[in-house]
K.L.:
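This structure is in structure tokens; I'll ask about it shortly.
This one's a predicted model, so the numbers in the text were calculated from it and none came from an experiment. Along the sequence shown, residues are numbered consecutively beginning with 1. Hydrogens, waters and symmetry mates are skipped; everything else that's a heavy atom, side chains included, is used.
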Amino acid sequence: MPRSPSFGIMTAPMQVGYDDILRVWREADAIPEIGHAWLFDHLMPIGGDPDGPAYEGWTLLSALAARTRRLRLGLLVTSNRFRPPAMLAKIATTVDIVSGGRLDFGIGAGSRPGHPLARREYEAHGLPFHDFEHSVESLAEACAIVRRLWTEPEPFDFAGVHHRLTGAFGNPKPVQRPHPPILIGGRSSATLRVVAEHADLWNIPGGDIADVTARSALLDRYCAAIGRDPASITRSIHLPVSYDEPGAARDAIGEALDAGFRHFVLSLPAPYPDGAARWLADELIKPSA
């Protein structure tokens, strides 16, 4: 677990062009204060024009991995509802190899049923949308499957409630050993139990710092219940940024630091002005480091 804070950027791949995202990522890649960069995983826009452009996250991530050299990178977070876990493990391995071992594997249970703009992408793409209990149970099985595909030297069978595999085997393996870090995103108590068992990092959206702190304490208790050191899970928070009022983000970073968070994902709003990554480093990261 990193004791000094690390900072990264989020560029939501919707309502913006590929060249604009690439420009920001390549600029960030040259700025040492920015350590990681993230996309989200939605198939249709969840803000702005509902019929506007939205890029598939893993495909775009692989393209950006090939055009950067230093940044760690990932999706915040992959929807476990979109892809079977064995296929997801293969996709993620490919990105880790393309990037030279820079992948942070972000995953979550999937969109909340109450988010209509996120919910519609399932029907639009012919994907099933199961209830939340199903999605969290499936997430736990997926984490176990992905880890085994990344690490086990021989084919194996898996007989879960939601996933069944015969002769599963991952080849090639990821560059990172024993495997890329696993980041699980979410705030529900059920998801936090999965975090306690499987995650190297835990991410939560910022906002109510009292709730964020309470969720982190709950995760501590879940870790203790299974005999895991809570400090072995890096606490990560996703915060919005305003170009016009950076002070709000600076204050939020300070509160999260005081609450024990050491991994920060700062969401840059589009359109991205020239020098957006440098602005972020100068206005938010350097004052907080």
Side-chain angles (χ1 to χ4, degrees), residues 1 38 40-41 57-58 61 72-96 103-112 127-128 130-166 168-171 173-204 215-216 218-236 238 263:
M1 174 178 177
W38 302 83
F40 71 24
D41 192 24
W58 281 102
L61 189 66
R72 297 197 62 81
L73 43 84
L75 298 191
L76 198 72
V77 288
T78 296
S79 172
N80 186 54
R81 300 177 187 267
F82 284 171
R83 306 164 190 85
M87 178 66 72
L88 180 59
K90 177 68 74 173
I91 294 169
T93 295
T94 301
V95 173
D96 197 51
L103 176 68
D104 286 335
F105 179 71
I107 191 169
S111 302
R112 299 182 303 277
L127 298 170
H130 301 290
D131 62 30
F132 183 71
E133 180 180 1
H134 180 289
S135 70
V136 175
E137 292 174 349
S138 176
L139 172 64
E141 290 185 8
C143 289
I145 289 169
V146 169
R147 188 189 301 268
R148 292 183 67 180
L149 285 164
W150 283 345
T151 59
E152 295 204 4
E154 302 291 339
F156 64 89
D157 298 340
F158 185 91
V161 174
H162 303 291
H163 302 287
R164 301 182 68 86
L165 306 175
T166 302
F169 183 56
N171 189 16
K173 302 298 186 190
V175 173
Q176 299 178 84
R177 301 299 172 87
H179 55 74
I182 296 173
L183 178 153
I184 298 178
R187 69 190 319 139
S188 75
S189 58
T191 300
L192 290 177
R193 291 186 184 276
V194 181
V195 173
E197 184 175 357
H198 293 285
D200 301 298
L201 303 93
W202 164 60
N203 181 269
I204 186 170
R215 297 291 171 174
S216 184
L218 181 59
L219 176 57
D220 287 349
R221 295 195 292 273
Y222 288 158
C223 287
I226 62 172
R228 183 173 183 186
D229 180 1
S232 68
I233 301 177
T234 298
R235 310 305 161 102
S236 171
H238 179 199
H263 185 273

K.L.:
Rounded to the nearest 0.5 Å, what separation is found between the OG1 atom of T78 and the CG atom of L88?
P.N.:
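If I round to the nearest 0.5 Å, the distance is 5.5 Å.
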K.L.:
Specify the closest pair of heavy atoms between I145 and H163, including all atoms of both residues, with the distance to one decimal.
P.N.:
CD1-CB, 3.6 Å
K.L.:
Let me know which of V195, V194, L192 forms a side chain to side chain contact (heavy atoms under 4.5 Å, CB included) with Y222.
P.N.:
L192
K.L.:
Just so I know, are the side chains of L183 and W38 near enough to count as touching, which here means a heavy-atom distance under 4.5 Å?
P.N.:
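Heavy-atom side-chain distance check passes, below 4.5 Å.
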K.L.:
For residues S188 and F132, report the shortest heavy-atom separation together with the two atoms involved.
P.N.:
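Answer, listing the atom of S188 first, then F132: OG-CZ, 3.2 Å.
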K.L.:
Working to the nearest 0.5 angstrom, can you tell me the gap between E197 CD and I182 CD1?
P.N.:
11.0 Å
K.L.:
Give me the atom names and distance for the closest heavy-atom approach of R228 to A199.
P.N.:
NH2-O, 2.6 Å
K.L.:
Would you say the side chains of D41 and S79 form a donor-acceptor pair under 3.5 Å?
P.N.:
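Not at all, the side chains of D41 and S79 share no donor-acceptor pair under 3.5 Å.
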K.L.:
Treating R177 as the side-chain partner and P174 as the backbone partner, does any N or O pair qualify as donor plus acceptor under 3.5 Å?
P.N.:
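Looks like yes, one N/O pair under 3.5 Å.
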K.L.:
Grab the two heavy atoms, one from G185 and one from T191, that are nearest each other, plus how far apart they are.
P.N.:
O-CG2, 3.9 Å
K.L.:
Does some side-chain heavy atom of L219 sit less than 4.5 Å from a side-chain heavy atom of R235?
P.N.:
yes
K.L.:
Which pair of heavy atoms, one from R147 and one from H179, lies closest together, and at what distance?
P.N.:
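For R147 versus H179, the nearest heavy atoms are NH1-NE2, 2.8 Å.
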K.L.:
Compare all side-chain heavy atoms of I184 with those of C143 and state whether any distance is below 4.5 angstrom.
P.N.:
yes
K.L.:
Can you tell me how far CH2 of W58 sits from CG of L75, rounded to the nearest 0.5 angstrom?
P.N.:
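So the CG of L75 and the CH2 of W58 are separated by 5.0 Å.
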K.L.:
Are E141 and P85 side-chain neighbours, meaning at least one heavy-atom pair lies under 4.5 Å?
P.N.:
no
K.L.:
Would you compute the distance between atom OG of S236 and atom NE2 of H263 and round it to the nearest 0.5 angstrom?
P.N.:
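The NE2 atom of H263 is 4.5 Å from OG of S236, to the nearest 0.5 Å.
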K.L.:
Any chance you could measure L73, atom CG, to D104, atom CG, to the nearest 0.5 Å?
P.N.:
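The CG atom of D104 is 7.5 Å from CG of L73, to the nearest 0.5 Å.
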K.L.:
To check you understand the geometry: which heavy-atom pair defines the closest contact between I233 and C223, and what is its length?
P.N.:
CD1-SG, 3.6 Å
K.L.:
Give a yes or no answer on whether the side chain of K173 reaches the backbone of E152 with a donor-acceptor pair at less than 3.5 Å.
P.N.:
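Yes; at least one donor-acceptor contact below 3.5 Å.
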K.L.:
Could you give the distance from CG (L165) to CZ (R148), rounded to the nearest 0.5 Å?
P.N.:
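It is 9.0 Å, given to the nearest 0.5 Å.
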K.L.:
Kindly indicate whether the side chain of L103, heavy atoms from C-beta on, has any atom under 4.5 Å from the side chain of Q176.
P.N.:
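In contact.
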K.L.:
Check for a donor-acceptor pair, side chain of W202 on one end and backbone N or O of R187 on the other, with a separation under 3.5 Å.
P.N.:
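Between the backbone of R187 and the side chain of W202 there is no qualifying donor-acceptor contact (under 3.5 Å).
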K.L.:
With a 4.5 Å limit on heavy-atom distance, are the side chains of F156 and L149 in contact?
P.N.:
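When only atoms from C-beta onward are counted, L149 and F156 do touch, with a gap below 4.5 Å.
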